[in-house]
Asks: 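The structure follows.
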Amino acid sequence: MKEQLLQEIRHAVQELFSAQVTEKDIILQPTNKEYTGDTTLVTFSLTKLSKKKPEETGTLIGEYLKKNSKLVSSFEVVKGFLNLTITDSYWKNFIIETLPKENFGFTPPTEKSPQVMVEYSSPNTNKPLHLGHIRNNLLGYSVAEILKATGNRVVKVNMVNDRGIHICKSMLAWAKWGNGETPQSSGIKGDHLIGKYYVLFDKKLKEEINPVPSTEENTEEAEKNSALMKEVQQMLRNWEAGDKETIALWKMMNSWAYEGFDVTYKNLGIDFDKIYYESETYLLGKKIVEEGLSKKIFYKKEDGSVWVNLTDVGLDEKVLLRSDGTSIYITQDLGTAQLRFDDYRELEQLIYVVGNEQDYHFKVLKEIFKKLERPWAYGLFHLSYGMVDLPSGKMKSREGTVVDADDLIHEMNETAKTTTEQLGKVEGLSKEEAEKLYHTLAMGALKYFILKVDPKKRMLFNPADSIDFNGNTGPFIQYTHARIYSVLEKGKKILSENKTGLEIPELNAEEKEIIKIIHRFPETLQEAGREFSPAAIANYVYELAKAFNHFYHLHTIADAENIPLSFFRLKLSGLTAQIIRQSMAVLGIEVPVRM
RNA sequence: GGUCCCGUAGCUCAACGGAUAGAGCAUCAGAUUUCUAAUCUGAGGGCUGCAGGUUCGAUUCCUGCCGGGAUCACCA
């Protein structure tokens, strides 16, 4: 519709004012609710071409369109706004065409679709996941689903940080003071058990250097010189040398972490196509360093360290390799980026879902590959999201203010349970069905709460608000879906016995509003894909649910004045439920048929 | 200090450079003999941090300031 209208407006401008206008200079937007009309042309920008006042320009174009366009039935000019009303027949046709479509608005990927990789989650194996990881996981999963739905071949990858000094800390603490404790013997979830020893290490370290020096600098120095730190560093060297005992311990403890992560991932409903492990990639990147050196893009300092100078693009000089020749974080990232484009030859984009504290790092990474003339450097994209704050302030692991992911999920489930029971909605459900429902609602609340916020913005996580089930929340939208299913159930006879086919009546304002919102679904999805923004979908589906509830209250659906009207409204309700389901699906949220 | 991000109703968030800046929560007032009230309707609540600039038009773009955050490691 939009395309056709744009063309017609272009013709109108040409005929009326003998002027050329490109389609991107034509501003069309949905008409504000307080005015009559469906779509609005902003005529201010056309006055230069028309050489007339905005009102006059609007009137002329309006008259032209009313006469020549099959889409426009009437118009109204308010200042520089030409409000166009689209013919009912357009909306009716739209519904007739859309009803049979299984996944309206989705573009299924084909073999020729662009290939895109989304890296997200990226946990450390020394502690369990927390609230910050949850935002990351939900964003990554949703963005991947949105990209799939907009015609991309998506590869979801997880980059597990499974090695390094921090991993050795929990290993050493366990070896020294663990007495052979395992997840089985203790009943503690694997990742939490490891976290326990990571914390214990820190505690023992503090004890050793007691009294703790007053300044941060001195503390760091004291820790560095402690016997415990020396022991950990030795352990890391042993690990790098492939010492059998160390490797065995490492493997055992990492497997505990993975068992734990798997449970959390399953509860969150997220998954991956491929998992990369740092232990397998941390040595990569040295080849890239050599390449950069030979191309004179990098340079070596006297001590042997390798650097790149990025001051020409507004960044600093950056170390890429230590003076002892060992690699650092960015060395590895250089290597893995190359590895991925080697693994997936058709890869066009690599999206890193990583917090905004690493903005600088990813700028550097991209600039380096631009200098190395990798054509895919421009496809590197850092999906940078803001930190999650608590009402009490920042989350700090040292101060124990971190919200644990498993605890949070558990609490959400409990709240969903008590709320549902209080409302008496569990009648007739088996225990399993009820449990599943609680989880669906709990995750709906949590995921929607987090995803409705623009990713790049810092967000406040207030547990009390997040488990709210009223208003602009996941459960509100889930409820609308369930409510529609209840109506469909009531009208199933009409739906199955329909003989006359679909007759669309004169549309009332509420029906038309729903249809208009559904009409916007494909472009909203495209926008969400373009902007990597699940929030765009979240806000959209809320609007749709709200419009439906409004309609529901004013009009009878399954028992309307006549059967054809009921049939039409049932169909429209069913389509609404479908769009809600599709929207929620790309957010990673399930919708129940009753609640 | 340099660089980057963010400042919108009491609170949490919306608003491709467009109309009188919108929702939810909270507050107050209403709606259920009728398909799910986890719903719906209404009211109050704003110098969009401040000051300039560009524009027919700025919450949006530019400059400066104020406030919050991140980053500037041979850490990851």
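So that the names make sense, note that chain A is the first sequence line, chain B the second, and so on, each numbered from 1.
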Asks: Would you tell me if any nitrogen or oxygen in the side chain of A/His550 comes within less than 4.0 Å of OP1 or OP2 on B/U41?
Replies: yes
Asks: Are the side chain of A/Asn508 and the backbone of A/Glu511 linked by a donor-acceptor contact shorter than 3.5 Å?
Replies: yes
Asks: Let's see if you can work this out: which of B/A19, B/C13, B/C56 has an atom nearest to the side-chain heavy atoms of A/Gln29?
Replies: B/A19
Asks: Without swapping roles, check the side chain of A/His481 against the backbone of A/Pro592 for a donor-acceptor pair under 3.5 Å.
Replies: yes
Asks: With both distances kept under 3.5 Å, what pairs with B/U48, Watson-Crick or G-U wobble?
Replies: none
Asks: Is any side-chain N or O of A/Lys224 closer than 4.0 Å to OP1 or OP2 of B/A73?
Replies: no
Asks: With both distances under 3.5 Å as the test, what is the Watson-Crick or G-U wobble partner of B/U27?
Replies: B/A43
Asks: Given B/G69, B/A19, B/A14, which nucleotide is nearest the side-chain atoms of A/Asn32?
Replies: B/A19
Asks: Regarding A/Asp191 and A/Lys127, does a basic nitrogen lie under 4.0 Å from an acidic carboxylate oxygen?
Replies: no
Asks: Which of the following nucleotides, B/U36, B/A76, B/C6, is nearest to the side chain of A/Arg322?
Replies: B/A76
Asks: Taking only Lys NZ, Arg NE, NH1 and NH2, and the carboxylate oxygens of Asp or Glu, determine whether A/Lys456 and A/Asp454 approach each other closer than 4.0 Å.
Replies: yes
Asks: If we call it a pair only when both distances are under 3.5 Å in a Watson-Crick or G-U wobble match, what pairs with B/A38?
Replies: none
Asks: Look at A/Tyr360 and B/U71 and indicate whether a side-chain polar atom (N or O) is within less than 4.0 Å of OP1 or OP2.
Replies: no
Asks: Between B/C16 and A/Arg530, is there an OP1 or OP2 to side-chain N/O distance shorter than 4.0 Å?
Replies: no
